[in-house]
Undergrad: 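There's a structure below that I have some questions on.
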Amino acid sequence: MVRRCAAYRARQQVKTITSWNGPIMWNGIFDGKAYDELHIQLRSSVALTVFAVGRYLDAYYKDFLTSAEQHFMLGLPVTYYVFTDSPEKVPQIKLGPQRSLKVIKVKMYTRWQDISMMRMSMISDLIESEIASNFRYIFCFDVDQVFEARFGSEALGDSVALIHAGFYKAPKEEWSYDRNKKSTAFMETGDFYYHAAIFGGLCANVKNLTDACYLSIMEDKINDVEAVWHDESHLNKYFWLNKPSKLLPPEYCWNYGMGDKSNIKIVRLRWAPKHYDTLRTNV
Ligand code: 5GW
Ligand code: MN
């Protein structure tokens with residue numbers, strides 16, 4: 001749609017289009033202003049979901065939200081949906097015009113693997129009860145990350161997946177799909193290795209994704225298996241069977257600890273430091 005054909009060749013060193021003709025939004029191949037004009041004209045609205053449960057609220061929430069206010073979908077109506085076990089502890093952050101925030105109370109799961117996996121069913125329920133009737137798009141984020149530059153309307157699409165920073169240069173054989181045949185997330189091969197820290201799209205599509213992932217996770221539980229990377233393994237399987245219409249390159253979720261930055265022209269979002277030793281404690 002937006003002046004894209006010639007621009008696809010602006011980045012010679014990286015793949016800018018998938019085999020099924022979806023754009024991979026490397027910096028330089030698109031005109032952000034044109035996307036903004038289009039989405040303002042279409043009156044696009046965006047819901048952002050984020051979980052900040054247990055120690056993650058204190059550790060990451062403030063930087064995530066403050067930086068989102070600087071960089072996420074500026075110019076469009078945005079509502080944040082914050083899922084937490086401690087609503088009273090959510091710090092107040094001043095929001096820009098056309099932006100609002102709702103806190104949703106969730107229970108604290110005792111196994112951390114469950115927090116990460118239960119997100120799928122909670123997002124699905126909220127899409128149905130509230131988001132689908134009020135927003136065109138939904139984006140679901142991990143909280144342990146910080147925006148550093150524009151993360152704008154160019155990222156909106158029917159079904160949007162993020163290429164994992166750790167694998168975009170690695171050979172396919174090294175991608176960490178679930179190789180356990182007993183899991184519904186089992187994959188022999190795939191198109192890309194996607195990162196579950198960000199996914200999004202039209203509400204109906206994300207509803208379909210979260211439902212499918214939740215059902216597969218539950219089927220695994222019944223069979224007493226857990227996929228190697230939990231919800232991310234199921235997400236990868238879903239996007240293998242249901243191709244995303246648009247891909248975000250690792251410029252949209254970079255990890256400075258990861259070494260080769262040669263293709264990263266701009267870091268729009270970065271991983272926050274992980275302190276698994278203190279944050280991930282199973283009761
Ligand atoms: C805590 C320990 C281990 C795994 C997950 C958690 C955890 C995750 C938590 O205690 N509280 C919480 O809110 N989360 C949510 O799940 C956060 O939004 C977090 O960003 C997301 C995914 O968990 P991460 O970020 O630890 O997973 P990775 O894949 O980035 O390592
Ligand atoms: Mn994370």
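As the structure lists them, so they are numbered: ligands from 1, and atoms in each ligand from 1. Predicted model only: the values in this text are computed from it and were never measured.
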Undergrad: I'd like to know if Q145 contacts ligand 1, where contact means a heavy-atom distance under 4.0 Å to any ligand atom.
TA: no
Undergrad: Less than 4.0 Å is my threshold; does some heavy atom of I115 fall inside it relative to ligand 1?
TA: yes
Undergrad: For ligand 1, which atoms have a heavy atom of K274 less than 4.0 angstrom away?
TA: 28 (P), 30 (O), 31 (O)
Undergrad: Cation-pi between K107 and Y109: NZ/CZ under 6.0 Å from ring centre and within 45° of the ring axis?
TA: yes
Undergrad: Minimum distance, heavy atoms only, to atom 1 (C) of ligand 1: which one of W229, F64, Y56, Y109 is it?
TA: Y56
Undergrad: Apply side chain to side chain contact (heavy atoms under 4.5 Å, CB included) to T16 and list each qualifying residue two or more places apart in sequence or on a separate chain.
TA: Y8, R11, V14, W26, I29
Undergrad: Suppose you place the vertex at the Mn ion (ligand 2); what is the angle out to D144 OD2 and D142 OD2, to 10°?
TA: 150°
Undergrad: Over 60° means perpendicular and under 30° means parallel, so classify the ring planes of F72 and F139, tilted if in between.
TA: perpendicular
Undergrad: Is Q98 reaching over with its side chain to a backbone N or O of V78, donor-acceptor style, under 3.5 angstrom?
TA: no
Undergrad: Out of V106, D144, N255, V53, who is nearest to atom 13 (O) of ligand 1 when you count heavy atoms only?
TA: V53
Undergrad: Measure from the side-chain N and O atoms of S245 to the backbone N and O of S159, and report whether any donor-acceptor pair falls under 3.5 Å.
TA: yes
Undergrad: Does G54, backbone or side chain, put an N or O under 3.5 Å from an N or O of ligand 1?
TA: no
Undergrad: Compile the donor-acceptor pairs under 3.5 Å between side chains in residues 190-197 and protein atoms, sequence neighbours left out, one pair per line.
TA:
unit_1, atom_1, unit_2, atom_2, d
D191, OD2, K243, NZ, 2.8
Y193, OH, S176, OG, 3.3
Y193, OH, E232, OE2, 2.7

